[in-house]
2 protein chains.
Amino acid sequence: MLSKKTRYAILAMKHLSSKYGKGVVLISDIAKAENLPIRFLENILLELKKNGYLGSKPGKNGGYYLIKHPKEINLAQIVRYFEGTIALLYCVSEKAYQPCEFCMDERTCKIKSVFKEIRNYTYQKLEQTKLSDLVDLDESDSIMYSI
Amino acid sequence: MLSKKTRYAILAMKHLSSKYGKGVVLISDIAKAENLPIRFLENILLELKKNGYLGSKPGKNGGYYLIKHPKEINLAQIVRYFEGTIALLYCVSEKAYQPCEFCMDERTCKIKSVFKEIRNYTYQKLEQTKLSDLVDLDESDSIMYSI
DNA sequence: CACAATGTCTACCAATTTAGTGTACATTTG
DNA sequence: CAAATGTACACTAAATTGGTAGACATTGTG
């Protein structure tokens, strides 16, 4: 099961995608729109910013905005960042690999092969799902930021 | 990521499968063979017994044994029992369903559909993997229990 | 019947993770 | 300068994870 943090992050990113190209969005607006605890959301947005997905503008009329185009961010990136890995076992993880505890020979381990297939399918599905797939983008009246 | 408890349960069940039809197995032997903390393993075996997978024989010459044939137990059952659900979101879970937090309309929610596909694939793979697939069964000299 | 070897039961516990909150501060605009 | 914002960092409460302790019940053997 994904953690609330991961789910909140997806919701926040989805919301920011829907406002892409339209200037900054208040944390409080995201919190209200997606029904998220605002202080917790602050931490999450900060993490997303540190990871390069978001930009921010402090002070009055400030807020957050997506740096990349929504079609350039996918769910695998978000899930992996907050969950640490997409795999269900360390031995089939790309990002958090550790030797298998189930077997002597990882090349022939049946458990590993099953969980590897699951990991690969999951990764592929999440990777294929872009933020742009989650919202109706309106690119007609997009504006430039003055940062 | 699966919890240690779930992973230990799979290891214990795998070990008991390899001894299927050959009488009881000491907790301490399972712990030694699979390198598991014995007191924690006791709890896990007890849970597996309460769930109907294992039988036990207390007292001298006692131990645990698989009740069902290894081909009648699959990984989905074990994972679901210890993890609570196989899904990554409640809204796509069969056993722990809760309404979706991501959308107004679950029928058209893209996030839900992606995670539903992942859940279905995962379930199918785990369900197809029987304990008998994990070990070399030797059914030639199986014996009957005298319980 | 005594006793050793085993599983059983109930409780407890420490460490870690999760899901936040508190407080003070820095920055920007008007 | 004041108000509106994001930033930093510490703190914490609750839940979960990963166990451990100790007394007890059951069984086989001598």
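Lettering follows sequence order; numbering is per chain, from 1.
The phosphate of D:dT7 has OP1 or OP2 within less than 4.0 Å of a side-chain N or O from A:Tyr64. Contact check, B:Lys49 against C:dT8: a side-chain N or O comes under 4.0 Å of OP1 or OP2. Taking only side-chain nitrogens and oxygens, B:Lys4 never comes nearer than 4.0 Å to OP1 or OP2 of D:dT16. The side chain of B:Ser56 places an N or O atom within less than 4.0 Å of a non-bridging phosphate oxygen (OP1 or OP2) of C:dT8. A sub-4.0 Å separation between OP1 or OP2 of C:dG20 and a side-chain N or O of A:Lys5 is absent. Between A:Asn61 and the phosphate of D:dA4, there is no side-chain N or O to OP1/OP2 separation shorter than 4.0 Å.
A:Tyr8 comes within 4.0 angstrom of the backbone, heavy atoms only, and of no base. As judged by a 4.0 angstrom heavy-atom cut-off over every strand, A:Ile27 is placed among residues touching the sugar-phosphate backbone only.
One atom, CG of B:Asp29, and another, P of C:dA5, lie 14 Å apart when rounded to the nearest Å. We find that CD of B:Glu47 is positioned 13 Å from C1' of C:dC9, with the value rounded to whole Å. Across the protein-nucleic acid pair, A:Ile44 atom CD1 and C:dT18 atom P stand 12 Å apart, rounded to whole Å.
When distances are taken from the side chain of A:Pro37 to each of C:dT8, C:dG20, D:dT29, the shortest belongs to C:dG20. Closest to the side chain of A:Lys57, out of D:dG19, C:dT28, D:dA8, is C:dT28. Nearest nucleotide to the A:Leu26 side chain, out of D:dT27, D:dT5, C:dT6: D:dT5.
Taking the six-membered ring for Trp, B:Tyr90 and B:Tyr97 have ring centres at least 6.0 Å apart.
Taking the six-membered ring where the residue is Trp, A:Phe40 and A:Tyr8 present perpendicular rings, their angle passing 60° and hence far from 30°.
Taking 3.5 Å as the limit, the base of D:dT7 and the side chain of A:Asn43 contain no donor-acceptor pair of atoms between them. One donor-acceptor pair, N or O on each side, does fall under 3.5 Å between the base of D:dG22 and the side chain of B:Arg39.
Along DNA chain C, the nucleotide nearest A:Pro58 and the nucleotide nearest A:Ile38 are compared for position; the residue whose nucleotide lies closer to the 5' end is A:Ile38. Residue A:Lys60 is the one, among A:Glu42 and A:Lys60, whose nearest nucleotide of DNA chain D lies closer to the 5' end (criterion: closest heavy atom). Remark on DNA chain C: of its neighbouring residues A:Ser3 and B:Gly62, the 5'-side contact belongs to B:Gly62, judged by nearest-heavy-atom nucleotide.
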Evaluate B:Lys130 against B:Glu72 for salt bridge (Lys or Arg N to Asp or Glu O under 4.0 Å), listing each step before the verdict. CA-CA 7 Å; B:Lys130 320 295 184 189; B:Glu72 287 171 0; over 6 Å; no

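Cation-pi check for B:Arg80 over B:Phe82 is not met; the charged atom does not lie both under 6.0 angstrom from the ring centroid and within 45 degrees of its normal. A cation-pi contact, defined as under 6.0 Å to the ring centre and within 45° of the axis, is absent between A:Arg119 and A:Phe115.
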